Amino acid sequence: MLDIKLVRENPDKIKSALLARQLPNELSKIDELLALDQRRRALVSQSDSLKAKRNKVSDDIARLKRNKENADALIAEMKIVSDDIAALDAELRDLEAKQEELLLHLPNLLHESVPLGKDASENVVCKEVLRHQRDFDFKPKNHLELGKALDILDFERGAKITGAGFPVYKGKGATLERALINFMLDTHLAKGYEEIFPPFFVNRESLRGTGQFPKFIGQVYRASYEGQETYEADTVGRLFAIPTAEVPVTNLHRDEILKGSQLPIKYVAYSACFRSEAGSYGKDVRGFLRVHQFNKVELVKFATPETSYDELESLVADAESILVALGLPYRVVLLCSGDIGANAAKCYDLEVWSPAEQRFLEVSSCSNFEDFQARRANIRFKRDEKSKPEFVHTLNGSGLATSRLMVALLENYQTKDGKIIVPEVLRPYARFDAIG
RNA sequence: GGAGAGGUGGCCGAGUGGCUUAAGGCGUCGGUUUGCUAAACCGAUGUAGUGUCGAAAGGCGCUACCGGGGGUUCGAAUCCCCCCUUCUCCGCCA
């Protein structure tokens with residue numbers, strides 16, 4: 001969420017960000033917001049001065065009553081004042097709700113280093129690490145064929161017991177998945193991240209805090225719990241399956257004031273991730289490319305404003321180190337203004353090479369949100385005891401998501417006779433060195 | 001699921017409708033005293049919104065905030081309703 005003060009004082013800055021993000025239809029929202037804000041501020045000032053009067057006269061009434069004098073005239077007068085206040089406050093609540101709604105839907109500003117571009121085709125490839133790219137002397141199988149032949153992935157039974165997009169890992173496939181997760185966690189722990197094992201369900205405040213709500217409410221699975229039917233609206237008593245560990249982990253410090261000396265805070269968290277992927281039918285539907293449940297190891301940082309871009313670079317490097325250790329071909333892409341997510345000020349994607357698909361697959365998004373999430377979630381810090389609280393900068397990135405990583409792993413490490421060689425670094429975790 | 005007790009500032013804790021500007025204490029910061037330290041004493045010590053003065057740091061004023069939301073009242077930390085949450089006991093359960 002952006003600061004309403006920023007909107008008020010610098011509307012052009014926000015408008016140019018909207019244009020860069022290819023959102024020209026949103027421009028009118030800024031003017032709407034400015035008009036609302038002006039009206040709201042006028043009402044606040046009216047209401048406040050009436051309240052000041054009420055407080056003062058209430059003291060007078062108290063004094064009269066103590067002296068056993070008559071206060072009926074003042075009470076009658078204040079009755080009217082109170083009614084006026086109630087009317088103003090009702091209108092104010094309405095305006096505030098509308099303003100909040102508009103503000104929550106506005107995307108973040110962009111960092112100056114973000115390239116301008118209309119869509120994904122104009123993203124900038126910063127780095128390609130292709131030394132592990134293989135020349136196959138046979139036609140590489142895709143992960144579906146490999147998974148089926150080796151009996152380690154079962155999409156059909158997943159669809160039977162739950163639904164399409166809920167894969168089952170079996171035998172050495174299940175073990176390899178677990179090995180990957182543990183390898184990634186241990187690697188990040190060694191780099192000074194603290195491990196969190198978060199709840200997989202959160203409340204709506206948490207989703208609002210990290211910016212998934214209200215915009216992406218359709219992408220999130222909901223769970224009701226007993227007694228929920230009796231609540232007046234479906235806004236109460238619902239929990240939501242997390243789309244990423246970013247949500248619970250960033251919200252750990254919601255409504256808190258951190259000490260400057262604690263920063264940067266670096267967390268690593270494994271979680272299952274749940275995404276309904278509504279409206280995305282037709283693209284990347286095969287196998288692991290798009291699923292409703294997957295596993296991810298997430299990196300989350302809380303940093304001071306002046307260090308957050310250095311922290312972003314090291315976050316990307318930490319995520320990259322997994323791909324390097326696994327010996328997979330990959331590239332780093334800087335997202336352009338037309339492709340970057342609404343909450344991020346700057347974002348790098350890590351993409352791993354799929355020999356069967358003959359293209360790169362996204363396995364990580366590393367973003368600096370600056371104070372966008374911190375303002376929503378009210379996460380602040382004090383430089384020292386005496387200084388005023390400031391919003392922290394929040395960052396996160398996958399390190400990494402396993403589903404597409406598994407695709408790349410199986411495909412890149414397959415042999416001509418249909419086996420999978422387990423990468424060296426995973427062997428201590430898997431306790432076998434090949435599948436098949 | 002049932003019964004009971006709680007949630008007040010950075011922390012502890014008083015406060016049953018107006019002499020509360022949230023008592024008192026602890027902590028922290030500044031000062032006085034002082035070979036040094038400690039103690040004692042004095043003072044300060046929240047967040048947000050808004051107005052005003054200022055080049056700025058900040059000052060002064062007003063408003064809101066006692067778990068969250070609604071209500072009663074001229075006036076609510078205090079009374080009423082709903083919700084969240086913590087603890088204790090009972091029941092059930094992997």
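What you see is a predicted model; the values in this text were computed from it and never measured. Chain identifiers are assigned alphabetically (A, B, ...) following the order of the sequence lines, protein sequences preceding nucleic acid strands; residue numbering begins at 1 within each chain.
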Side-chain N or O of A/Lys65 closer than 4.0 Å to phosphate OP1/OP2 of B/G18: no
A/Arg41 vs B/U63: side-chain N/O to OP1/OP2 distance below 4.0 Å: no
Spacing of A/Glu205 atom CD relative to B/U85 atom P, expressed in whole Å: 11 Å
Bracket string, RNA chain B, 5' to 3' - pairs by Watson-Crick or G-U geometry under 3.5 Å, | interstrand: ((((((((.[[[..)..(.....]]]((((((.......))))))((((((((....)))))))).[[[[[..)....]]]]])))))))....
Touch class at under 4.0 angstrom, heavy-atom based, for A/Ile61 against every strand present: base
Pairwise P distance for B/C79 and B/G15, with rounding to whole Å: 12 Å
Listed partners of A/Gln38 passing side-chain contact (heavy atoms from CB on, under 4.5 Å), at least two apart: none
Side-chain N or O of A/Ser82 closer than 4.0 Å to phosphate OP1/OP2 of B/G75: yes
A/Ile75 side chain, from C-beta outward: closest of B/U47, B/G18, B/C74: B/C74
A/Arg431, CZ atom: more than 12 neighbouring heavy atoms under 6.0 Å: no
Whole-Å distance separating the CG atom of A/Leu50 from the P atom of B/G75: 13 Å
Nearest listed nucleotide, side chain of A/Ala52, among B/C62, B/U47, B/C74: B/C62
Protein-nucleotide distance (A/Gln38, atom CD; B/G51, atom P), rounded to Å: 12 Å
Distance, C1' atom - from B/A64 to B/G9, rounded to whole angstrom: 15 Å
Distance in angstrom units between A/Asp48 CG and B/U50 C1', rounded: 7 Å
Whole-Å P distance, B/U16 and B/G6: 13 Å
Sugar-phosphate only, base, or nothing, as touched by A/Arg63 at under 4.0 Å among non-hydrogen atoms: nothing
Pair A/Phe288 and A/Phe155, ring centroids less than 6.0 Å apart: yes
Residue whose nearest RNA chain B nucleotide is more 5′ - A/Ser47 or A/Arg380: A/Arg380
Test: A/Lys172 cationic atom under 6.0 Å from A/Phe432 six-membered ring centre, within 45° of axis: yes
OP1 or OP2 of B/A64 under 4.0 Å from side-chain N/O of A/Arg93: no
A/Thr210 and A/Gln373 side chains, donor-acceptor separation under 3.5 Å: no
For atom CG of A/Leu64 and atom P of B/C19, their distance in whole Å: 14 Å
Sugar-phosphate only, base, or nothing, as touched by A/Arg8 at under 4.0 Å among non-hydrogen atoms: sugar-phosphate
Check: A/Ser308/A/Glu370 side-chain N/O donor and acceptor closer than 3.5 Å: no
Rounded distance in Å between the P positions of B/A77 and B/G70: 15 Å
Ionic contact status for A/Asp59 with A/Lys56, cut-off 4.0 Å: no
N or O in side chain of A/Lys388 less than 4.0 angstrom from B/A48 OP1/OP2: yes
Residue met sooner reading RNA chain B from 5', once A/Ala76 and A/Ser49 are mapped to nucleotides: A/Ser49
Spacing between A/Lys5 atom NZ and B/G51 atom C1', to the nearest angstrom: 13 Å
Flag if over 12 foreign heavy atoms under 6.0 Å of NZ, A/Lys13: no
Sugar-phosphate, base or nothing in reach of A/Asn55, heavy atoms under 4.0 Å: sugar-phosphate
Interatomic distance, A/Lys51 NZ vs B/C74 P [rounded to whole Å]: 17 Å
A/Glu112 atom CD, neighbour heavy-atom count above 12 within 6.0 Å: no
Distance, rounded to the nearest Å, where A/Ile257 contributes CD1 and B/C11 contributes C1': 15 Å
